[in-house]
Number of protein chains: 2
Amino acid sequence: MKMSGGVEWGLHCCVVLSAADEPVVAAKLADLHDVSPTYLAKQLQLLSRAGLVRAAPGQSGGYLLTRPATEITVLDVVEAIDGSQPAFRCTEVRRRGPMAIPPERCDTPCPIAQVMDSADRAWRESLRAVTIGALAATVTATTPRELLDSARAWLSA
Amino acid sequence: MKMSGGVEWGLHCCVVLSAADEPVVAAKLADLHDVSPTYLAKQLQLLSRAGLVRAAPGQSGGYLLTRPATEITVLDVVEAIDGSQPAFRCTEVRRRGPMAIPPERCDTPCPIAQVMDSADRAWRESLRAVTIGALAATVTATTPRELLDSARAWLSA
DNA sequence: GATTATTTACTCGGATACAGTGTGTCCGAGTGCGTTAGG
DNA sequence: CCTAACGCACTCGGACACACTGTATCCGAGTAAATAATC
């Protein structure tokens, strides 16, 4: 099981965007993180479709958050990029093969699927509890002031 | 994000094995669940490597659990088949690009990785809380007696 | 009749092809800004 | 001097190849049981 590597990029981009008041161009975000510009563009488009960021077209355009960073959860970003479907999908093995349980007697969901769904909910709940704003706060608290300032300056340049 | 479909098969197989006192042949498990025999063999080999099941070779051989079903957690099976690595892998984007944080100042782990790891732990904890024995108990409790008996009979045939 | 070497059929195990999704890339449509011509 | 139309450069958006992991498969090595010959 492996989640799309674009999730990490998307989260970093959202944190950066939360600190910028002006639209930031996709290419600049790619340069900052030293990743493929075209592929990161794809991820940003996914964020745009999900309504988390807004694309300002035209000259001096770029991306900016649509909501305050404290109202965007990590789960939002993960689901926008990696999809919202659970990792485990029950194929109802019970109803197949020679010992198949007849569908009319299958009133209760498969116990295995129940366990998996429960774990999946716990995972999502854990991600929903943290917002981009909280992430940004941690970053600003743990990073030396000078680095933050120089980064912001480089971003505006 | 998608987990290997073999996980579902492996769990079903473990539940079946917990109800059988004699070794069960891989081909019979495949027939029972109506899945690819050769591919399910691969999953059983993974379970064998992980030490969850034991392969009895030779005539009248087959697979059987190495421990009581109540001492095998769902997480054990998931990790045996799907691997134990977390879904999210931090690539340390902070240390790349023009605004890279120098490694010597990177004493605290990346906040994003922290959140992801926390969610991953919650997920694993949820799966660790349920054993194959508990699953089997639920199955026996929710499935009509006659179906269980016929299934056991078919398995021994 | 008991013992033992042999044959046999069956099991699992690892090495080998195919497919689907994720990864990475490209070019075209659309939009705001700067310029310039006109009033 | 102000206004408005124009062109342009820049932006994002969706359509297009490539790669890697997961899926599915096959054949060979090993083992326990059944068999038959021997003592």
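The analysis underlying the following values was restricted to heavy atoms, covering all of them including side chains, and did not include hydrogens, waters or symmetry mates. Below, chains carry the letters A, B, ... as their sequence lines are ordered, and counting in each starts from 1.
- The residue B:S36 sits close only to the backbone: its heavy atoms come under 4.0 Å of sugar-phosphate atoms, none of a base.
- Note: A:L64 CG to A:E22 CD = 10.5 Å, rounded to the nearest 0.5 Å.
- The residue A:K2 sits close only to the backbone: its heavy atoms come under 4.0 Å of sugar-phosphate atoms, none of a base.
- Regarding A:L17, its CG atom lies at a distance of 11 Å from the P atom of D:dC12, rounded to whole Å.
- Between B:L44 and A:G6, the residue anchored closer to the 5' end of DNA chain C is B:L44, taking for each the nucleotide with the nearest heavy atom.
- Positionally, the nearest nucleotide of DNA chain D for A:G62 lies more toward the 5' end than for the other of A:K42 and A:G62.
- For B:D120 and B:R124, the salt-bridge test passes: some basic side-chain N is under 4.0 Å from an acidic carboxylate O.
- If you measure from atom OH of A:Y39 to atom P of D:dG14, you get 16 Å, rounded to the nearest angstrom.
- Separation of atoms CD1 (A:I101) and OG1 (B:T143) is listed at 4.5 Å; rounding is to 0.5 Å.
- Counting any heavy atom pair closer than 4.0 Å across all strands shown, A:A26 reaches sugar-phosphate atoms only and no base atom.
- For A:P37 against A:A30, the heavy-atom pair with the smallest separation is CA-CB, 3.5 Å.
- The nearest pair of heavy atoms linking A:A26 to A:L44 is CB-CD1, 3.6 Å.
- Interface residues of residues 49-58 of chain B facing DNA chain D, ordered by number: B:P57, B:G58; criterion, heavy-atom separation under 4.0 Å.
- The side chain of A:V25 sits closest to D:dC12 out of D:dT23, C:dC33, D:dC12.
- Taking only side-chain nitrogens and oxygens, B:S4 comes nearer than 4.0 Å to OP1 or OP2 of D:dT23.
- Closest to the side chain of B:Y63, out of C:dG13, D:dG13, C:dA15, is C:dG13.
- Taking each heavy atom of B:A87 and B:M1 in turn, the nearest pair found is CB-SD, 3.7 Å.
- Atom P of nucleotide D:dA33 and atom CD of B:E22 are separated by 12 Å, given to the nearest angstrom.
- Atom CG of B:L46 and atom P of D:dT21 are 16 Å apart (whole Å).
- Rounding to whole angstrom units, CE of residue A:M3 and C1' of C:dT23 are separated by 16 Å.
- For A:S48, counting side-chain heavy atoms from C-beta on, the closest listed nucleotide (C:dT11, D:dG13, D:dA24) is D:dG13.
- Rounded to an integer number of Å, the gap from B:Q45 CD to D:dG28 C1' is 13 Å.
- Atom CD1 of A:I81 and atom C1' of C:dT21 are 16 Å apart (whole Å).
- Atoms CG (A:L40) and P (D:dG13) sit 13 Å apart, rounded to a whole Å.
- When every heavy atom of A:T70 is checked against every heavy atom of A:T131, the shortest pair comes out as O-CG2, 3.3 Å.
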